Amino acid sequence: MSFVCGKCNFVISSTEERDVHYKSYWHRYNVKRTCEGLHPVSYEVFQKKLAVITKGTKEEKKETLRCDICKKTFASTKAHQHHMRSKRHLQKAANRSSPATPALTPQTSKSTQDTKIGQDKEQEETNNTNNAQKEKKEKKQVGVPLAHCLFCGKRAQSVEESLRHMLKAHSFYLPYTKYLISLDAIMLYLGEKIGIGHQCLSCNHIFKDIEAVRQHMRDRGHCKMSFEDEQDAEEYGDFFHVPEKKEEKTKERRLAPNEVEGVASEMNDLGEIVMKDGRVLGHRSLVRYYKQNLKPVDTEQPSLVIKIMRNYRAIGMKGYNGRSKRNEKSRKDVLHANKYFMKIGFKKNKQKHFKDSTAPFN
């Protein structure tokens, strides 16, 4: 059996020859011509056109350039120059001990010395510009200023407003605010840690720039300060002052052999007598002052810290609840009190004549 290709007008004698013909460039070329409304081309004309195209490509391939550092070849000078200006090539050239301007090794034809000198000058200029840009970036690295959000950079009118924004938008709060020494100092330190160090507050991971750190903290929910390890406590220890716990058991003072108990030792400026065993005796005219039970006022905390603590307490944040443990009653205490009152009620309910209303009539 014989077949005829409708696109090329070529006679095919077998199925194998048909498969080979359909995969050939001649058949594909004629199919594209018919799609555009042109007449098919014979095999001889197609071979002539193919020979003209291959000659042009061979002439272009004569001047091929190569980069010894990256081990790449280039067909044109433009592609080679673009590669020499790329960041990847400059990084590899800087890591190597040799200069960043490798010699060109043409495969087929040798390039002139003038082109080499021109390329070397261009590379030196690009290196100088990149170094200048890096120096500018290093100089521009400044910590996040006060009254600016640490996580989105939003500017506020005051530090209190910025903290309120960070609490609502990013759920950020300052732990142990009642022990803070300076609010501005810790905010500046956190701003430098994010702006200059590009470090996360929670996991201490370092990123390439401030935008990457902020995006990481917002996406992972790391808008918080970590106090899990001893290293974190040492890092933030300079900004907090935790008072030492007073010992409940006071040491008894031993009297000297020649010392008598209850003998006055001195008198202070207020006219109070201080005994040798540590007791203080005051005059009866000052009884009204001794009976006063005034609330202690902490003058170390500024008004801004107190406002922040009130905001945290209003939200019901853990550690800032207004209720004390003494006022909290457990379920067992309530049941015990109800049982006690019921017992007293039975004992006090004394009646001479008691009649059960639920009993049947006799």
Side-chain angles (χ1 to χ4, degrees), residues 1-131 133-134 207-209 211-212 215 219:
M1 292 179 68
S2 62
F3 304 96
V4 179
C5 179
K7 304 295 181 183
C8 305
N9 295 326
F10 178 71
V11 180
I12 302 168
S13 59
S14 63
T15 56
E16 295 178 355
E17 189 177 357
R18 181 191 62 184
D19 295 337
V20 173
H21 173 71
Y22 284 162
K23 293 178 182 179
S24 63
Y25 292 105
W26 176 39
H27 177 74
R28 294 177 183 177
Y29 182 70
N30 285 329
V31 170
K32 291 180 180 179
R33 285 179 65 87
T34 54
C35 291
E36 294 180 359
L38 301 174
H39 295 286
V41 177
S42 63
Y43 184 74
E44 295 176 354
V45 176
F46 175 73
Q47 289 293 332
K48 290 179 181 179
K49 290 185 176 182
L50 186 64
V52 173
I53 293 168
T54 52
K55 284 181 181 178
T57 54
K58 287 180 181 178
E59 290 177 357
E60 289 178 357
K61 288 182 179 179
K62 285 182 181 179
E63 294 183 357
T64 56
L65 304 175
R66 180 180 174 80
C67 177
D68 293 334
I69 295 174
C70 302
K71 297 180 181 179
K72 291 184 179 180
T73 56
F74 304 94
S76 61
T77 56
K78 289 183 179 180
H80 182 265
Q81 290 176 2
H82 181 72
H83 168 72
M84 299 299 283
R85 294 174 185 174
S86 63
K87 292 182 179 179
R88 187 175 292 177
H89 171 76
L90 294 173
Q91 286 177 358
K92 288 183 179 180
N95 292 331
R96 291 184 62 176
S97 60
S98 61
T101 57
L104 302 177
T105 58
Q107 293 178 350
T108 57
S109 63
K110 293 182 180 180
S111 60
T112 60
Q113 293 180 357
D114 297 333
T115 57
K116 289 182 181 180
I117 294 166
Q119 290 175 358
D120 293 340
K121 288 181 179 179
E122 288 179 358
Q123 289 175 5
E124 288 178 359
E125 290 177 358
T126 53
N127 290 331
N128 292 329
T129 54
N130 290 328
N131 292 328
Q133 288 177 359
K134 287 180 181 179
F207 294 85
K208 61 179 180 179
D209 55 2
E211 294 179 359
Q215 188 69 28
D219 294 344

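The model shown is predicted, which means the values in this text are computed figures rather than measured ones. In what follows, every heavy atom counts, from backbone to side chain, and hydrogens, waters and symmetry copies are set aside. Along the sequence shown, residues are numbered consecutively beginning with 1.
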If the plane angle is over 60° it's perpendicular, under 30° parallel, otherwise tilted; pick one for W26 and F10. perpendicular
Between N95 and Q91: side-chain donor-acceptor atoms closer than 3.5 Å
no
One should read off an interatomic distance between E44 CD and S42 OG, to the nearest 0.5 angstrom, of 5.5 Å
Check: Counting only N and O atoms by type, is there a donor-acceptor contact under 3.5 Å from the side chain of R33 to the main-chain atoms of H39?
Finding: yes
Smallest heavy-atom separation, H21 atom then I12 atom, equals CD2-CD1, 4.1 Å
Value for NE2 (H27) from OH (Y43), rounded to nearest 0.5 Å, stands at 14.5 Å
Between the NE2 atom in H83 and the CG atom in L90, the distance rounded to the nearest 0.5 Å is 9.0 Å
Value for CG (N30) from NZ (K7), rounded to nearest 0.5 Å, stands at 9.5 Å
In this structure, CZ of R28 is separated from CZ of F46 (nearest 0.5 Å) by 10.0 Å
With the side chain counted from C-beta on, respond yes when Y29 and V41 share a heavy-atom pair under 4.5 Å apart, and no when they do not. yes
dist R18:CZ -> S13:OG (nearest 0.5 Å) comes out at 11.5 Å
Can you tell me if CD on E211 sees more than 12 non-hydrogen neighbours from other groups inside 6.0 Å?
no
